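Quantities reported herein were computed from a predicted structural model and do not represent experimental measurements. In the text below, chain A, chain B and the rest are named by the order of the sequence lines, each starting its count at 1.
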Amino acid sequence: MPTDAVVSNFIRSIIDEDNRTGKWNQRVETRFPPEPNGYLHIGHAKSICLNFGIAHDYNGVCHLRFDDTNPEKEAQEYVDAICENVAWLGFDWGEHLHYSSDYFDQLYAFAEYLITQGKAYVESLTADEIREQRGTLTSPGQNSPYRDRLPDESLDLFRCMKAGEFPDGKYVLRAKIDMASPNMNMRDPVIYRIRHIHHQRTGDQWCIYPMYDYTHCISDALEKITHSLCTLEFEDHRPLYDWVLDQLEGKVPCHPQQIEFARLNLTYTVMSKRKLIELVESDLVDDWDDPRLSTLAGVRRRGYTPKSIRQFIERIGVSKADSWIDVSVLEDCLREDLNESAPRRVAILRPLKLIIDNYPEDLEEDCFAPNHPKKPEWGKRVVPLSKTLYIERDDFMEEPTKGYFRLSPGAEVRLRYGYIVKCVAVDKNAVGEIEAIHCTYDAETKSGTEGATKRKVKGNIHWLSVKHAQPAEVRLYDRLFSDPYPDSGDKDYKTSLNPDSKEIITAYLEQSLCDAEPEQAFQFERNGYFIADRIDSKPGKPVFNRAVTLRDSWGKVDAGV
RNA sequence: UGGGGAGUCGCCAAGUGGUAAGGCACUGGAUUUUGAUUCCAGCAUACGUAGGUUCGAUCCCUACCUCCCCAGCCA
């Protein structure tokens with residue numbers, strides 16, 4: 001059991017009960033079964049964390065199994081990316097890397113067995129005819145004229161299918177169950193189809209491929225999975241899962257239990273594979289790992305840590321109720337992690353010049369900034385101060401609104417880790433835009449000296465010496481959609497794209513940030529958490545992505561919320 | 001109008017016959033050289049609706065309402 005208090009959920013209750021009755025001899029074995037036909041997204045993270053997390057908590061193991069039964073859509077590229085994502089999230093499948101295609105021989109042998117038992121038959125109808133005879137939600141289907149084909153004849157045909165004697169679609173193998181079942185999945189489902197396609201792992205060895213419903217349950221059983229977790233839409237596939245394994249009782253090692261949970265829905269994003277593909281292919285985002293995307297590659301590049309994602313999945317829990325999680329919950333989990341782990345640095349995103357009129361022209365002074373406010377053991381670094389500085393434009397208001405306590409004409413603030421300054425003048429250009437502001441400083445108030453505590457000012461702003469500041473590309477990301485439910489109804493989700501979801505700026509950084517390693521995260525004080533882009537950063541020349549802003553209670557007040 | 005699921009605080013989510021956990025959000029207040037963090041306090045007479053059983057119901061029964069999933073030779 002993990003050290004953190006684990007909240008009970010319906011899946012754990014089932015396992016606890018199984019352990020109590022000894023159903024599996026205290027064994028817990030799960031699996032994460034992606035189809036390698038696309039990139040993983042944050043919704044998959046729920047399944048990954050659930051499967052690996054439960055196995056870990058119950059001293060069991062979790063397999064990574066690629067459900068690769070449809071070579072038409074699958075590719076090695078996806079297998080590699082998925083492995084990388086799962087490992088990145090912090091999970092280890094050890095020796096349990098499996099593929100459904102590992103079981104093609106056994107799957108085939110079981111199919112022959114089903115035929116000999118009169119539980120499956122070769123169908124001669126076309127796909128269209130099968131559809132027509134399947135019936136509807138409210139009316140039963142009708143039996144195929146080939147349903148009572150003799151087992152020997154079916155077996156013969158099936159062997160010829162395997163031998164490549166027929167073109168795609170000519171025949172299909174169907175389970176013989178019940179065409180009148182109110183559950184559509186039980187109306188003699190197709191379990192094998194002919195596909196003369198090269199498979200990324202088995203090559204041209206096969207030209208018939210098994211279907212999901214037939215493959216998944218048997219793969220689970222062969223791997224001795226105990227609890228087979230999947231999402232809600234497979235709930236009415238469970239009778240079929242159980243039917244197949246019931247026919248094979250004694251021939252497979254066990255009969256795993258399928259348990260369904262609600263999939264993750266996140267606001268302000270889309271999760272479906274189709275829409276993700278569309279966004280990428282129509283260049284609405286940069287690529288699969290665009291930091292605005294909910295793909296795991298995307299959130300990683302955005303700056304999300306594996307720990308923050310695991311925390312998120314733990315926080316949202318698991319149940320069978322359809323639910324929408326607000327993306328702010330995800331963002332909070334990142335803040336929680338990075339608040340602890342990210343060193344503090346100074347960066348000016350939108351610079352405004354501040355000149356200290358009474359500061360000596362050539363003087364440079366060292367100011368000492370702690371690397372983390374709560375961790376003195378992390379030490380301090382030197383930030384040089386001089387006469388001309390950059391501050392954030394937001395930290396000055398010529399006509400301050402009520403409650404604003406940063407810089408404005410006549411007002412005093414502390415230059416963080418430096419002196420208290422007072423605004424004495426504003427420079428404007430010909431069209432009235434503010435170009436610089438002038439301050440005087442109180443030489444008695446330097447941080448770290450005795451005088452620092454004599455006077456208190458409420459405002460506290462960050463700054464950088466102009467001559468020391470380093471320009472760098474910084475990408476400010478925001479939510480990809482401006483509608484919390486871009487997917488809902490019949491509106492086109494592409495119409496609710498947020499036009500301001502990506503802004504590229506040249507910001508100024510303190511010197512030490514130039515040494516940032518790719519994927520190193522920092523808190524830019526009073527701004528947010530930023531990560532050195534893992535792709536575009538060059539030695540000595542980092543590019544930063546804003547992963548998430550700091551919480552900002554003033555922003556809410558200011559916006560009149 | 002067939003079948004399978006779900007409805008507990010703004011968002012998640014426990015509890016399942018004995019009088020509503022927890023988290024997040026939110027609201028106060030304290031601390032703070034990040035309007036951050038941290039801390040402390042508050043936050044469902046109420047469990048989709050209506051009946052019924054019971055000393056007692058979110059939990060059992062009945063009816064109803066709402067939402068989700070299913071008619072791929074996809075997974």
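The gap from the P atom of B:A63 to that of B:U1 amounts to 14 Å, rounded to the nearest Å. Taking atom P in both B:U53 and B:U58, one finds a spacing of 15 Å when rounded to whole Å. To the nearest whole angstrom, the two P atoms, one in B:G22 and one in B:C43, are 11 Å apart. When the C1' atom is compared between B:C59 and B:U19, the two are found 12 Å apart, to the nearest whole Å. With both ends at atom P, the span from B:A46 to B:U8 equals 16 Å, rounded to whole Å. Going from the P atom of B:A21 to that of B:C9 covers 14 Å, rounded to whole Å. B:A50 and B:A41 have their P atoms separated by 36 Å, given to the nearest Å. Across B:U62 and B:G5, the matching P atoms stand 16 Å from one another, rounded to whole Å.
Here the two rings, on A:Tyr419 and A:Tyr441, have centers that are under 6.0 Å apart. For A:Phe234 and A:Tyr212, the gap between ring centers is short of 6.0 Å. Here the two rings, on A:Tyr146 and A:Tyr121, have centers that are 6.0 Å apart or farther.
Listed in residue order, the members of residues 31-50 of chain A having a heavy atom less than 4.0 Å from RNA chain B are A:Glu35. Contacts between residues 521-529 of chain A and RNA chain B, defined by a heavy-atom separation under 4.0 Å, are made by A:Gln523, A:Glu525, A:Arg526. A heavy-atom distance below 4.0 Å to RNA chain B is reached by these residues of residues 175-184 of chain A, ordered by number: A:Pro182, A:Met184.
Residue-nucleotide stacking is not present for A:Tyr212 and B:A75, judged by a side-chain ring centre under 5.5 Å from the six-membered base ring centre and planes under 30° apart.
For A:Pro140, the side chain to side chain contact (heavy atoms under 4.5 Å, CB included) partners at least two apart in sequence or on another chain are A:Ala180. A search for ring-ring contact (aromatic ring centres under 6.0 Å, His included) contacts involving A:Tyr268 returns nothing, not counting sequence neighbours. For A:Arg20, the side chain to side chain contact (heavy atoms under 4.5 Å, CB included) partners are A:Glu17, not counting sequence neighbours.
Checking side-chain atoms of A:Arg344 against main-chain N and O of A:Ala342 turns up a donor-acceptor pair under 3.5 Å. The closest donor-acceptor contact from the side chain of A:Asn185 to the backbone of A:Asp236 lies under 3.5 Å. Remark: the backbone N or O of A:Thr30 is not paired with any side-chain donor or acceptor of A:Asn51 at under 3.5 angstrom. Between the side chain of A:Lys375 and the backbone N or O of A:Glu340 there is at least one donor-acceptor pair closer than 3.5 Å. For A:Asn371 (side chain) and A:Trp378 (main-chain N/O), a donor-acceptor pair under 3.5 Å exists by modelled atom type. For A:Tyr404 (side chain) and A:Phe396 (main-chain N/O), a donor-acceptor pair under 3.5 Å exists by modelled atom type. For the pair A:Ser154 (side chain) and A:Val122 (backbone), a donor-acceptor distance under 3.5 Å is present.
Side-chain atoms of A:Pro373 lie closest to B:A36 of the nucleotides B:A75, B:A36, B:C24. Proximity note for A:Glu233 (side chain, C-beta onward) versus B:G35, B:C69, B:G23: the nearest is B:C69. Distance from the side chain of A:Thr138 is smallest to B:G2 among B:G35, B:A36, B:G2. Residue A:Lys73 places its side chain closer to B:C74 than to any other of B:C12, B:A75, B:C74.
Note that A:Arg345 lies outside the cation-pi zone of A:Phe524, set by a 6.0 Å cut-off to the ring centre and a 45° limit from the axis.
In this structure, CG in A:Leu40 is found 5.0 Å from CD1 in A:Ile82, a value given to the nearest 0.5 Å. Taken from CG in A:Leu264 to OG1 in A:Thr269, the straight-line distance is 9.5 Å, to the nearest 0.5 Å. In this structure, CD1 in A:Ile420 is found 14.0 Å from NZ in A:Lys446, a value given to the nearest 0.5 Å.
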Measure all distances between protein nitrogen or oxygen atoms and nitrogen or oxygen atoms of nucleotides 14-18 of chain B, and list the pairs falling under 3.5 Å.
from, atom 1, to, atom 2, distance (Å)
B:A14, OP1, A:Val318, O, 3.1
B:A14, O3', A:Ser8, OG, 3.0
B:G15, OP1, A:Ser8, OG, 3.3

Heteroatom pairs (N/O) under 3.5 angstrom, protein to nucleotides 4-7 of chain B:
from, atom 1, to, atom 2, distance (Å)
B:G5, O2', A:Glu235, OE1, 3.3

Please list, for nucleotides 38-43 of chain B, all pairs of protein and nucleotide N/O atoms separated by less than 3.5 Å.
none

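Rounded to an integer number of Å, the gap from A:Asp213 CG to B:A75 P is 8 Å. Rounding to whole angstrom units, CG of residue A:Asp552 and C1' of B:C26 are separated by 16 Å. Following rounding to the nearest Å, A:Trp554 (CH2) and B:U34 (C1') show an atom-to-atom distance of 16 Å. When rounded to the nearest whole Å, the span between CZ of A:Phe261 and C1' of B:C68 equals 16 Å. The distance between atom CG of A:Leu330 and atom C1' of B:C11, rounded to the nearest whole Å, is 14 Å.
For NZ of A:Lys273, the number of neighbouring non-hydrogen atoms (other residues, nucleotides, ligands) closer than 6.0 Å is greater than 12.
Between A:Phe530 and A:Val474, some side-chain heavy-atom pair lies under the 4.5 Å cut-off.
With A:Tyr214 as the fixed residue, the ring pair (Phe, Tyr, Trp, His ring centres under 6.0 Å) test singles out one of A:Phe110, A:Trp243, A:Tyr192: A:Tyr192.
Side-chain atoms of A:Arg335 and A:Ser308 form no donor-acceptor pair, as typed in the model, at a separation below 3.5 Å.
Applying the 3.5 Å distance criterion, the base of B:C73 shares a donor-acceptor pair with the side chain of A:Arg195.
Close to B:A75, at under 4.0 Å from its OP1 or OP2, lies a side-chain N or O of A:Arg193. Between B:G72 and A:Arg131, a contact under 4.0 Å exists linking OP1 or OP2 to a side-chain N or O. Contact annotation: A:Thr69 side-chain N/O to B:A75 OP1/OP2 distance is under 4.0 Å.
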Could you give the side-chain donor-acceptor pairs of residues 158-168 of chain A under 3.5 Å, partners two or more places apart or in another chain?
from, atom 1, to, atom 2, distance (Å)
A:Arg159, NE, A:Glu112, OE2, 2.9
A:Arg159, NH2, A:Glu112, OE1, 3.1
A:Asp168, OD1, A:His196, N, 2.8

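Nearest-nucleotide assignment on RNA chain B puts the 5′-proximal partner with A:His372, out of A:His372 and A:Asp68. Place A:Arg414 and A:Val329 on RNA chain B by their nearest nucleotides, and A:Val329 ends up nearer the 5' end.
Residue pairs meeting the salt bridge (Lys or Arg N to Asp or Glu O under 4.0 Å) criterion with at least one partner in residues 261-272 of chain A, sequence neighbours excluded, are A:Glu233-A:Arg263.
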### Query
How does RNA chain B look in dot-bracket notation if pairs are Watson-Crick or G-U with both distances under 3.5 Å, crossing ones as [ ], other-strand ones as |?
.((((((..(((.....[...))).(((((.......))))).....(((((..]....))))))))))).....

